[in-house]
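Data first, discussion second: the structure below is written as structure tokens.
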Amino acid sequence: MYAIKQRAFGGPEVLEFTEAEQPVPGPDDVLVRVRAASVNPADWKIRTGGAALPVDLPFIPGFDLAGVVERIGDRVSRFRPGDDVFGMPTPFTGTYAQYVRAPAADLALKPAGLDHNQAAALSSVGLTAWQALVGIARIQPGQRVLIHAAAGGIGHIAIQIAKAFGAHVIGTARTANHGFLRDLGADELVDYTLDDFAAAVRNVDIVLDNIGHEYGVRSLATLAPGGHLVSTIWDHPGVTAEDVARAKARFDTVQVAPSAPDLKELGKLVEQGRIRVHVADVLPLRDAAEGHRRSESGRVRGKLVLVP
Ligand SMILES: NC(=O)c1ccc[n+]([C@@H]2O[C@H](COP(=O)([O-])OP(=O)(O)OC[C@H]3O[C@@H](n4cnc5c(N)ncnc54)[C@H](OP(=O)(O)O)[C@@H]3O)[C@@H](O)[C@H]2O)c1
């Protein structure tokens, strides 16, 4: 099969389009013929060798996929060959390829309302947004929710999950993205290049911080007493225990985990028309390096998708 392989850590040029061994599914696995994988910031953080997630060389990058089940392991009963599936399979690598060996427990049937590109794009950011807002923050109707990097992969799905739960949603994004985000349901938007969100936003029940670093401590200022800061930037959330105590806030980080039940919940929202997935561009797999360059610019609206 063809795949993108990394034999060294470094810049986008270390992503090599090459032949690789087709993986063999174990008894609890399926072999998926990949129709689409998506680019995640974690891919280029891992690519440089500087990520907190350790990966041994050589490896095939890529967190999430959508595709067609080609073969099933002896103990797999949830899927049959020919099923369209999506998800973020353990071990968080390997989807920049024509075929992937995936634990059946990590995948779900692709919602009929999404094509493969959109389903691949939804997988890991959808799981992250769901696990942060629903699993950790236990979002409730009427709550005020602030979402940073609202126009990004996680952000644009998080807005829609929060709206589906009846929240009032505030997002940070450049003005160029405000129309896009209003269409997805955002109630208020702050252009962080023009206004200080920490001064402009108050009385928030949940902050979903997808930026971290100095955004962490500034976000505490927006919270109502007892409000909850949830950071996806678990390695650099930008807050200390003292900061959190002083703000009388709650604080958690999220580390996304594979979950077929959570994928099914996301699929339900898709089928109800409550989640739309924005694919900014679709690139051939051999152009993964270009995908990384664009993602690293921090300017992608929604998601970039790679097609083998
Ligand atoms: N903890 C976990 O399990 C987990 C899982 C997935 C991802 N992550 C991490 O979460 C972060 C976000 O991931 P993502 O996939 O959503 O990223 P992304 O799609 O690359 O985010 C791009 C968006 O960020 C916005 N942006 C850039 N700088 C901003 C700023 N200073 N303030 C507000 N918005 C800004 C841009 O919109 P504008 O042009 O409007 O600025 C752009 O649309 C990454 O660091 C990623 O590694 C963590």
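Counting convention: from 1, in listed order, for ligands and their atoms alike. Everything numeric here is computed off the predicted structure, so don't read it as measured data.
Residues His178 and Asp191 have side chains that never bring a donor and an acceptor to within less than 3.5 angstrom of each other. Neither side chain, Lys5 nor Thr18, offers a donor N or O lying under 3.5 Å from an acceptor on the other.
Below 30°, between 30° and 60°, or above 60°: for Tyr2 and Phe17 the angle between ring planes is below 30°, a parallel geometry. Classification of the His236-His213 ring pair by plane angle, with boundaries at 30° and 60°, yields parallel.
Note: no N/O pair closer than 3.5 Å links Ser295 and ligand 1 by distance alone. Residue Gly155 places no N or O, backbone or side chain, under 3.5 Å from any N or O of ligand 1.
Under the 4.5 Å side-chain criterion, counting only non-hydrogen atoms from C-beta, Leu31 is in contact with Gln22.
For ligand 1, the atoms lying closer than 4.0 Å to a non-hydrogen atom of Ala151 are 37 (O), 43 (O). Near Gln255, with a cut-off below 4.0 Å to any heavy atom, the atoms of ligand 1 are 3 (O).
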- Run the salt bridge (Lys or Arg N to Asp or Glu O under 4.0 Å) check on Glu242 and Arg246 step by step: do they pass? CA-CA 6 Å; Glu242 294 73 45; Arg246 209 176 305 120; over 6 Å; no
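Nearest to atom 15 (O) of ligand 1 by heavy atom, out of Gly298, Pro41, Gly152, is Pro41.
Proximity of Lys303 to ligand 1 is not established, as no heavy-atom distance is less than 4.0 Å. Using 4.0 Å as the threshold, Asn40 has no heavy atom nearer than that to any atom of ligand 1. Residue contact annotation: His148 has no non-hydrogen atom under 4.0 Å from ligand 1.
Contact annotation for Thr253 and ligand 1: no heavy atom of the residue comes within less than 4.0 Å of the ligand.
The residues Lys268 and Glu265 are annotated as salt-bridged, a charged nitrogen and a carboxylate oxygen being separated by less than 4.0 angstrom.
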